[in-house]
Amino acid sequence: MIRYTTYTILFTIIFCFSGRAQDLSERTISRPGVSIKKYLVYLPDKYRRRSTQRWPVLFFLHGKGERGDDLNKARIAGVPEILQHDLPFILIVPQCKLTAPAWELPSLDSLYEDVKRSLRIDTNRVYLTGLSMGGYGTWIWASAHPERFAAIVPIAGYGLSRINPCGMRALPIQTFHNTDDPTIKVNETRKIVHAVKACGSTQIYYKESPTGGHDAWTRVYKDPALFTWLSGQKK
């Protein structure tokens with residue numbers, strides 16, 4: 001009986017995850033850049049039924065460990081937590097190539113144009129989030145194109161030397177880091193937050209948790225309040 005129950009639970013978990021994974025279709029970027037060739041797309045259930053409606057879009061940038069040429073790796077960290085919610089967004093999950101050390105702007109810009117061209121997106125409601133190396137990607141992309149995004153959520157990121165903090169002073173931002181992060185020191189986010197605030201920003205919210213190590217994203221993405229907040233942001 002114990003063995004049967006264990007197999008039943010395991011089958012249920014695998015079935016549920018597989019069902020969610022099927023919601024993510026794979027695409028190849030029309031103009032591949034140095035860091036991006038393929039990406040995943042999640043479409044809300046009503047996207048196909050409402051043929052003229054334009055939808056908000058959420059870009060998610062993964063961390064260093066999910067780089068490669070196998071898109072299944074891009075389905076792991078962060079994405080399962082995001083897909084636990086009934087998202088009113090199109091979700092875009094690019095994969096950074098293993099040959100690229102980090103996200104770079106020309107590839108991200110090419111991705112944006114590809115999504116804009118191929119999907120019905122509401123360009124006034126474009127959101128961006130990422131974790132670790134994806135937090136870095138979030139900061140540099142938003143800094144380069146603050147006019148493109150309605151709100152951003154960088155988590156456990158870095159990159160002050162590569163960004164223009166004053167360019168983001170009017171951008172709604174929520175950012176998170178753990179004090180005891182051994183991988184990317186918490187001071188990386190502290191310095192960016194201080195720089196953006198010094199430019200006059202009143203729309204940046206920073207939460208620092210004392211424990212949790214490098215994983216500052218699981219509890220953030222599991223909280224439906226984040227997605228409620230994102231839904232309320234519009235250019």
Side-chain angles (χ1 to χ4, degrees), residues 39-47 50 52-62 78-79 81-94 103 105 108-109 111-116 119-132 134-157 159 163-177 189 192-209 216-235:
Y39 62 100
L40 297 166
V41 178
Y42 166 86
L43 296 176
D45 289 340
K46 296 178 182 178
Y47 179 87
R50 298 179 180 178
T52 60
Q53 180 176 336
R54 294 195 171 271
W55 292 81
V57 58
L58 173 63
F59 288 88
F60 168 75
L61 305 182
H62 63 67
V79 176
E81 286 85 3
I82 291 173
L83 286 181
Q84 285 181 0
H85 305 283
D86 183 17
L87 289 178
F89 317 125
I90 297 170
L91 176 64
I92 304 296
V93 185
W103 300 103
L105 289 172
L108 291 168
D109 290 339
L111 171 69
Y112 176 81
E113 293 301 326
D114 204 74
V115 169
K116 184 178 176 181
L119 296 169
R120 298 191 313 274
I121 70 168
D122 181 350
T123 55
N124 290 316
R125 299 179 66 193
V126 178
Y127 312 115
L128 173 61
T129 186
L131 58 90
S132 192
Y136 161 78
T138 299
W139 285 121
I140 65 164
W141 199 12
S143 172
H145 295 286
E147 77 290 345
R148 185 175 288 170
F149 301 104
I152 65 169
V153 184
I155 304 176
I163 69 173
N164 170 23
C166 291
M168 297 184 287
R169 62 180 174 270
L171 185 61
I173 301 170
Q174 288 198 26
T175 184
F176 304 84
H177 214 126
T189 294
I192 295 174
V193 170
H194 176 77
V196 175
K197 285 184 175 180
C199 292
S201 172
T202 59
Q203 298 194 76
I204 184 167
Y205 166 83
Y206 173 46
K207 182 174 181 180
E208 183 177 310
S209 299
W217 50 85
T218 296
R219 57 187 159 198
V220 173
Y221 290 143
K222 283 186 175 180
D223 187 351
L226 175 71
F227 301 99
T228 300
W229 176 77
L230 282 173
S231 294
Q233 308 305 313
K234 186 176 181 179
K235 290 191 300 180

Could you go through the side-chain contact (heavy atoms from CB on, under 4.5 Å) check for Val153 and Ile173 one step at a time? CA-CA 6 Å; Val153 184; Ile173 301 170; over 6 Å; no
Can a donor-acceptor pair be found, under 3.5 Å and without considering hydrogens, that links the side chain of Thr138 to the backbone of Gly130? yes
Fit a plane to each ring of Phe60 and Tyr221, take the angle between them on a 0 to 90° scale, and name the class: parallel (under 30°), tilted (30 to 60°) or perpendicular (over 60°). perpendicular
Are Met168 and Ile152 close enough that some pair of their side-chain heavy atoms sits under 4.5 Å apart? yes
Give the minimum heavy-atom separation between Pro88 and Pro56, together with the two atoms involved. O-CD, 3.6 Å
Has the side chain of Tyr206 got a donor or acceptor atom that lies under 3.5 Å from a matching backbone atom of His194? no
To the nearest 0.5 Å, what is the distance between NE2 (His85) and CG (Leu91)? 11.5 Å
Taking Lys235 for the side chain and Thr123 for the main chain, is one N or O donor matched with an acceptor at less than 3.5 Å? yes
Reported OH-to-CD1 distance for the pair Tyr136 and Ile192, which is rounded to 0.5 angstrom: 10.5 Å
Determine whether Ile82 and Tyr42 satisfy the following criterion, side-chain contact (heavy atoms from CB on, under 4.5 Å), listing intermediate values before the conclusion. CA-CA 11 Å; Ile82 291 173; Tyr42 166 86; over 6 Å; no
State, yes or no, whether a side-chain contact exists between Tyr39 and Asp114 at a heavy-atom distance under 4.5 Å. yes
In terms of relative ring orientation, are Trp141 and Phe149 parallel, tilted or perpendicular, with 30° and 60° separating the classes? perpendicular
According to the interplanar angle, ranging from 0 to 90°, do the rings of Tyr205 and Phe176 count as parallel (below 30°), tilted (30 to 60°) or perpendicular (above 60°)? perpendicular
Under a 4.5 Å cut-off applied to non-hydrogen side-chain atoms, are Val57 and Leu119 in contact? no
Does the side-chain contact (heavy atoms from CB on, under 4.5 Å) test come out yes or no for Leu230 and Thr129, once each step is laid out? CA-CA 10 Å; Leu230 282 173; Thr129 186; over 6 Å; no
Could you check if a side-chain atom of Arg148 sits within less than 4.5 angstrom of a side-chain atom of Asp109, using non-hydrogen atoms only? yes
Heavy-atom closest pair (Ala150 atom, Tyr127 atom, distance to 0.1 Å) is CB-CE2, 3.6 Å
Ignoring hydrogens and angles, tell me if any N or O in the side chain of Lys116 forms a donor-acceptor pair with the backbone of Ile121 under 3.5 Å. no
Shortest non-hydrogen contact from Tyr47 to Arg120? O-NH2, 2.6 Å
Close side-chain approach of Thr175 to Ile155, heavy-atom, < 4.5 Å: no
Does the side chain of His145 reach to within under 4.5 Å of the side chain of Leu108, using non-hydrogen atoms? no
Could you tell me if the side chain of Ser231 sits less than 4.5 Å from the side chain of Phe89, heavy atoms only? yes
What is the minimum heavy-atom distance between Gly134 and Trp103, and which atoms define it? CA-NE1, 3.7 Å
State, to 0.1 Å, how close Cys199 and Pro165 come at their nearest heavy-atom pair, and which atoms those are. SG-C, 3.9 Å
For Pro154, does its backbone N or O pair with a side-chain atom of Trp217 as donor and acceptor, under 3.5 Å? no
Rounded to the nearest 0.5 Å, what separates atom CZ in Phe59 from atom CD1 in Ile92? 5.5 Å
Checking Gln203 side chain against Leu171 main chain: does a donor-acceptor pair fall under 3.5 Å? no
Decide yes or no for Ser201 and Val193: does some side-chain heavy atom of the first lie under 4.5 Å from some side-chain heavy atom of the second? no
How far apart are the closest heavy atoms of Pro94 and Leu61, and which atoms are they? CG-CD2, 3.6 Å
To the closest 0.5 Å, what do you measure between NE2 (His177) and NZ (Lys207)? 15.0 Å
In this structure, CZ of Arg169 is separated from OG1 of Thr202 (nearest 0.5 Å) by 11.5 Å
